[in-house]
Amino acid sequence: MESKELKIKTRLILTTNTVTAALLGVLGAQILHEACHGIAAVLVGAEWQAFNLFAVLWAWPGASSEIGTLIVEGSPALLNILTGILAVFLFERAMKQKRAMPTLFWMYFAGYSMFMGFGYLFVDPLFYQPGGEQVGDWRKVIDMLGGSWGLRIPILLVGVGGILWGFFWLARSALRFAADATDKVERLRVSLPLLLVPYLVINVLFTVLSFWHPLGADGVFVVVFQYWFGYIGFFWGFFLAAYWLDVNKPLSDPVTLPNHPQPVWWIASGLTLLLAVVILLPTIWFTQIL
């Protein structure tokens, strides 16, 4: 009985560690994306009026600039892609150093960043409707550039390619925590707390947080769609890692999953979530300060 209880406790601690790293990763990607809108607006001479966890309000104080608008709307997704690619290299570095929690953080940050960035390039060209109100960063970019399929198809293909690459990268990265990636039992033991559980926990949390989206029901729909479908690479990555990938030999130099409490990471995750909920979710209004 004690052995079973110890096993359950160890599993719970391990899952807490992975969810903690995933929460930091997704909050980092989400906050960076919205902050990029505001910073880009300031850099092109516009006014950054409000900063919310899910949206940014900005406006031109005088005459608008088409190029400036393109930069403000288009740059966050590109920044997500670039920081996601950078995180892939930082993941490899942490992996070589056998630092479990930093390795997990960079894996999640890379996954969420790339799925967010490439997701905009896939979804917005696909669902763009000429003449209507454009809800979505790259729908606005596409609309400003004419909205033709000659423009939309290349952007869409880049998005699809990046998302599919992310599916397989994420699955193979998770398997690098397996002692023997050829063992199906070990693969399931590792991929469940690394991919499927964080996917479900994060999505439920952000679904609840979306009820306070400044755009109301439309904002809730956007967040629910983004998190449950935009990040579905974590869901399919679980099945790839646990069952579908063909692994003929154990992967070299696996990193052992952290099954001991990580209080520093737990505190950092809790404080970041507190910042998001208490300060960013109600919205910071810069115009009131100025």
Side-chain angles (χ1 to χ4, degrees), residues 15-39 48-58 73 76-77 79-80 83-84 87 104-105 107-120 123-124 127 135-139 163 166 170 193-235 237-238 262 265-286 288:
T15 303
T16 302
N17 289 336
T18 59
V19 170
T20 293
L23 183 57
L24 278 172
V26 69
L27 284 171
Q30 179 69 39
I31 294 172
L32 179 65
H33 180 91
E34 300 304 337
C36 183
H37 278 298
I39 294 171
W48 185 0
Q49 298 175 327
F51 185 14
N52 183 275
L53 178 62
F54 296 116
V56 160
L57 181 64
W58 66 278
E73 298 296 348
L79 180 63
N80 284 135
T83 54
L104 285 173
F105 168 75
M107 183 185 78
Y108 291 122
F109 182 78
Y112 280 111
S113 295
M114 288 190 293
F115 288 141
M116 180 182 288
F118 285 118
Y120 274 104
V123 172
D124 285 4
F127 292 101
V135 179
D137 298 355
W138 274 74
R139 289 187 217 189
I163 290 170
L170 192 61
L194 258 67
L195 299 176
L196 187 58
V197 173
Y199 171 77
L200 296 174
V201 172
I202 296 297
N203 287 0
V204 169
L205 172 62
F206 274 80
T207 297
V208 173
L209 294 180
S210 72
F211 296 156
W212 288 271
H213 197 292
L215 296 181
D218 289 341
V220 173
F221 174 80
V222 169
V223 173
V224 169
F225 184 88
Q226 176 184 348
Y227 276 79
W228 288 98
F229 295 97
Y231 297 137
I232 204 167
F234 285 89
F235 177 82
F238 162 73
Q262 303 290 325
W265 287 86
W266 295 359
I267 293 171
S269 177
L271 289 177
T272 305
L273 179 60
L274 185 65
L275 165 71
V277 172
V278 175
I279 298 178
L280 294 181
L281 197 58
T283 305
I284 302 173
W285 290 91
F286 300 114
Q288 293 179 352

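The model shown is predicted, which means the values in this text are computed figures rather than measured ones.
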Between Trp48 and Phe286, ring centroids under 6.0 Å
yes
Parallel, tilted or perpendicular: ring planes of Tyr199 versus Trp228, cut at 30 and 60 degrees
perpendicular
Taking the inter-plane angle between the rings of Tyr108 and Phe234 on a 0 to 90° scale, is it parallel (under 30°), tilted (30 to 60°) or perpendicular (over 60°)?
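Parallel.
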Shortest non-hydrogen contact from [X] to [Y]?
X      : Y      : result
Pro193 : Thr18  : O-OG1, 2.8 Å
Thr20  : Trp265 : CG2-O, 3.2 Å
Leu27  : Ala276 : CD2-CB, 4.0 Å
Asp137 : Pro76  : OD2-CB, 4.5 Å
Pro214 : Asn52  : CD-OD1, 3.5 Å
Phe51  : Val56  : CD1-CG2, 3.9 Å

I would like to know whether Leu24 and Phe109 meet side chain to side chain contact (heavy atoms under 4.5 Å, CB included); could you show each step before the answer?
CA-CA 8 Å; Leu24 278 172; Phe109 182 78; over 6 Å; no
By side chain to side chain donor-acceptor pair (under 3.5 Å), which residues pair with Thr272, not counting sequence neighbours?
none
All side chain to side chain donor-acceptor pair (under 3.5 Å) counterparts of Gln226, not counting sequence neighbours:
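Counting only residues at least two positions away or on another chain, Gln226 forms a side chain to side chain donor-acceptor pair (under 3.5 Å) with Tyr231.
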Have a look at His33 and tell me which of Tyr120, Phe54, Phe115 forms a ring-ring contact (aromatic ring centres under 6.0 Å, His included) with it.
Tyr120
Taking it one step at a time, do Phe221 and His213 satisfy side chain to side chain contact (heavy atoms under 4.5 Å, CB included)?
CA-CA 10 Å; Phe221 174 80; His213 197 292; over 6 Å; no
Output the distance between atom [atom1] ([X]) and atom [atom2] ([Y]), rounded to the nearest 0.5 Å.
X      : Y      : atom1 : atom2 : value
Cys36  : Ile31  : SG    : CD1   : 14.0 Å
Leu280 : Trp212 : CG    : CH2   : 15.0 Å
His37  : Leu57  : NE2   : CG    : 12.0 Å
Ile284 : Ile279 : CD1   : CD1   : 6.0 Å
Leu195 : Leu200 : CG    : CG    : 11.0 Å
Leu273 : Leu209 : CG    : CG    : 7.0 Å

Examine distances only and state if a side-chain atom of Asn80 and a backbone atom of Ser113 form a donor-acceptor pair shorter than 3.5 Å.
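Judged by distance alone, no pair lies under 3.5 Å.
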Derivation of the side chain to side chain contact (heavy atoms under 4.5 Å, CB included) call for Met107 and Leu194
CA-CA 10 Å; Met107 183 185 78; Leu194 258 67; 4.3 Å; yes
Is there a side-chain contact between Asn17 and Trp266, using heavy atoms and a 4.5 Å cut-off?
yes
Do Gln30 and Tyr227 have a side chain donor and acceptor closer than 3.5 Å?
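Yes, side-chain donor-acceptor contact under 3.5 Å.
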My understanding is that only one of Leu53, Val220, Leu215, Val222 makes a side-chain contact (heavy atoms from CB on, under 4.5 Å) with Ser210; could you say which?
Val220
Chi angles and distances behind the side chain to side chain contact (heavy atoms under 4.5 Å, CB included) call for Ile202, Leu23
CA-CA 7 Å; Ile202 296 297; Leu23 183 57; 3.9 Å; yes
